[in-house]
Each structure stands twice: as C-alpha cells, then as structure tokens.
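Below is one structure, written out as structure tokens, with a few remarks after it.
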Amino acid sequence: MSDQLWTAVDAYLTSELAPADEALAAAEQDSARAGLPPIAVAANQGKFLHLLARIQGARRVLEIGTLGGYSAIWLARALPEDGRLISLEFSPEHAEVATRNLARAGLDKITQVRVGAALDLLPVLAAEQPEPFDLVFIDADKVNNAPYVEWALKLTRPGSLIVVDNVVRGGQVADPDSEDPSVLGTRAVVRLVAEDPRLEATALQTVGTKGYDGFLLARVRD
C-alpha cells in the first residue's frame, strides 16, 4: 500500500512540477530499449538536481555515473552557455546511449561523457588542472562512494556542493552489522563526510517511484 501511495504522489507532483518533454522522454525510452537498468533518478529528483545547480549558480558540473544521461540532461540544462558538464561512465554501451541522448537534447556542446572506471578517470581529470567544479553528483557504484568524495574535494572549491545518491539503501544503512558491500560503502562515505572538517552536510530519506532511499548533500566549507 505504501509503495502504491508513494508512486501516486510522485506521479502527481511530477505531472505538476516536472513534466517530461520530448528530450527527457526519449532519453528514458532509449535507455529502456538499450536494456539499461531502470535506476536513473526520478523526474522530480532530476528537477531537484537542476534547481540545486541553478541555485548554486553552477558553471561546471562533474557527474560520476552517467547511465543513459537522464540526470545529465537535467544538470546540463541548468548551466549557462559557456558551462561545462563532464560525466564519467564505466560502461561503453551506457556511454553511447547517454551521448546520443545528450546530443538529442541539444547539450552536446557543453557536455562530455568519458568512459572508464571513475577511479582511473579522476586522476587523469585532476592532472588536466580544470577549473573547480561547482557541483559534483555521485551516483555510481556505492562501494567506492568514499573515494569518489575524496576526489570531489580535490576538484572543487569552497562553496561547492557534493551530492551522493542512494545513501539509505532501503533502510539498510542504519544496520551496523550489514555485510552488504554497497551498505558498507555508504556507511563509509557518511562517516568520511561527518569527520572531514572541510565539509558540512546532511542527508535526507526519500520515497517515491524509486522506492525507499535518500541522498547526502555536502557543502565545501569556505
């Protein structure tokens, strides 16, 4: 009953506040046809990321975990004409779908999908000495959440935002005896963020079409 209610509320809120357009709908359809797992952010969550980037005044966004490019479309649409979004994706097949979806949305000039393991790509990116990223969205393998945040700290500036998705794990994150690698990785990133003096953060639980989960939001201190 709860799942049905969550889905109904999400459908209502999405229809009123985050309705799909042609590019977003096509990105979802192409991802499904390509056999990508249905784990992209929900539409209202995508709109939330978009608004975070807008509120932040972001010019440069780093995304770890592209999937089919759905969240990248939301984030890139928040950027100015001279903005830049770099997204890291492990799967070449997923990256191909995402690149096509971003191009269809007219965002290919300000976005780039890099293919490979993120922990291999991040040192390469850092060696390029890019301008600091204003927002980092982490939505990849949960085992490496803590290392991803450590790299995000190297690639951001005071005032930048770091968002880590899927940190509640259906409530499992509260279980100190869990042996699930994704739960252990999530607990590690929560502990890292809690103890790192460079960050101030909170985390929220969410329910909806994606089930019971949540996200962590951290800000790099001035």
Side-chain angles (χ1 to χ4, degrees), residues 41 45-67 71-72 74-76 78-79 83-90 114 117-176 178 180-206 210 212-222:
V41 299
Q45 295 168 344
K47 184 68 174 288
F48 179 80
L49 292 171
H50 174 88
L51 290 172
L52 270 184
R54 291 288 298 274
I55 293 166
Q56 176 72 349
R59 291 183 58 255
R60 292 179 55 81
V61 171
L62 173 63
E63 180 181 54
I64 302 176
T66 317
L67 197 61
S71 56
W74 277 111
L75 286 165
L79 302 179
R84 188 69 166 163
L85 179 143
I86 296 176
S87 190
L88 312 182
E89 172 55 45
F90 178 77
R114 300 190 181 190
L119 291 180
D120 294 332
L121 296 174
L122 287 163
V124 175
L125 178 59
E128 296 171 7
Q129 298 184 328
E131 291 181 45
F133 290 96
D134 305 300
L135 186 151
V136 179
F137 178 49
I138 300 171
D139 189 12
D141 59 301
K142 311 311 170 185
V143 173
N144 289 311
N145 270 341
Y148 293 153
V149 168
E150 290 171 348
W151 275 107
L153 282 165
K154 297 175 184 178
L155 291 163
T156 50
R157 58 169 177 79
S160 292
L161 299 181
I162 301 171
V163 182
V164 184
D165 201 11
N166 306 128
V167 298
V168 172
R169 316 300 305 166
Q172 295 179 65
V173 72
D175 180 4
S178 175
D180 184 319
S182 293
V183 174
L184 294 174
T186 300
R187 288 177 65 89
V189 78
V190 171
R191 176 51 47 196
L192 182 153
V193 170
E195 294 180 347
D196 195 310
R198 294 170 293 178
L199 292 170
E200 52 185 344
T202 190
L204 297 177
Q205 302 177 78
T206 60
K210 299 297 178 177
Y212 173 36
D213 215 320
F215 66 91
L216 181 150
L217 175 65
R219 179 180 181 274
V220 182
R221 294 182 187 273
D222 297 325

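Because the structure is a prediction, the values reported are computed rather than measured. Note that these values count all heavy atoms, side chains included, but never hydrogens, waters or copies made by symmetry.
Within the 4.5 Å cutoff, no side-chain heavy atoms of R84 are placed close to those of E131. Residues L199 and L153 form a side-chain contact, since some pair of their non-hydrogen atoms from C-beta on lies under 4.5 Å apart. Under the 4.5 Å side-chain criterion, counting only non-hydrogen atoms from C-beta, R187 is in contact with P176. A heavy-atom distance below 4.5 Å is not found between the side chains of R169 and D180. The shortest side-chain heavy-atom distance between F137 and S87 does not fall under the 4.5 Å cut-off. Between V167 and V173, the closest side-chain pair of non-hydrogen atoms is not below 4.5 Å.
A126 and W151 get closest at one heavy-atom pair: CB-CZ3, 3.7 Å. Among all heavy-atom pairs drawn from Y148 and A118, the shortest one is CE2-CB, 3.6 Å. When all heavy atoms of I162 and A152 are compared, the closest pair comes out as CD1-CB, 3.8 Å. Residue G159 comes nearest to D222 through the heavy atom pair N-OD1, 3.7 Å, listed as atom of the first residue, atom of the second, then distance. Nearest heavy-atom pair, V61 versus A58, reported as atom, atom and distance to 0.1 Å: CG2-CB, 4.1 Å.
The backbone N or O of T206 lies less than 3.5 Å from no partner atom in the side chain of D213, so there is not a single donor-acceptor pair. Of the possible polar contacts, one joining the D134 side chain to the R60 backbone as a donor-acceptor pair under 3.5 Å is found. Put simply, the side chain of E89 gets close to the backbone of T66: a donor and an acceptor are under 3.5 Å apart.
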Given I64 and L122, is the side chain to side chain contact (heavy atoms under 4.5 Å, CB included) satisfied, shown in steps? CA-CA 9 Å; I64 302 176; L122 287 163; 4.2 Å; yes
Hey, mind stepping through F133 and I86 against side chain to side chain contact (heavy atoms under 4.5 Å, CB included) and telling me if it holds? CA-CA 10 Å; F133 290 96; I86 296 176; 4.1 Å; yes
Applying side chain to side chain contact (heavy atoms under 4.5 Å, CB included) to F48 and V163, what does each step give before you reach the verdict? CA-CA 11 Å; F48 179 80; V163 182; 6.0 Å; no
Quick one, V149 with L216, criterion side chain to side chain contact (heavy atoms under 4.5 Å, CB included). Give me CA distance, side-chain angles, the key distance, then yes/no. CA-CA 11 Å; V149 168; L216 181 150; over 6 Å; no
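Among L88, L49, L75, the single residue meeting the side chain to side chain contact (heavy atoms under 4.5 Å, CB included) criterion with E63 is L75.
For the atom pair L85 CG and R59 CZ, the distance stands at 13.0 Å (nearest 0.5 Å). Taken to the nearest 0.5 Å, the CG atom of L62 stands 6.5 Å off from the CG atom of L155. With rounding to the nearest 0.5 angstrom, the CG atom of L121 is 10.0 Å from the CZ atom of F90. Rounded to the nearest 0.5 Å, atoms CG (N166) and CG (D141) are 11.5 Å apart. How far CH2 of W74 is from CG of L52: 13.0 Å, rounded to the nearest 0.5 Å.
By the neighbour-count criterion of 12 heavy atoms within 6.0 Å, atom CD of Q129 is sparsely surrounded, having that number or fewer from other residues, nucleotides or ligands. By the neighbour-count criterion of 12 heavy atoms within 6.0 Å, atom CZ of R54 is sparsely surrounded, having that number or fewer from other residues, nucleotides or ligands.
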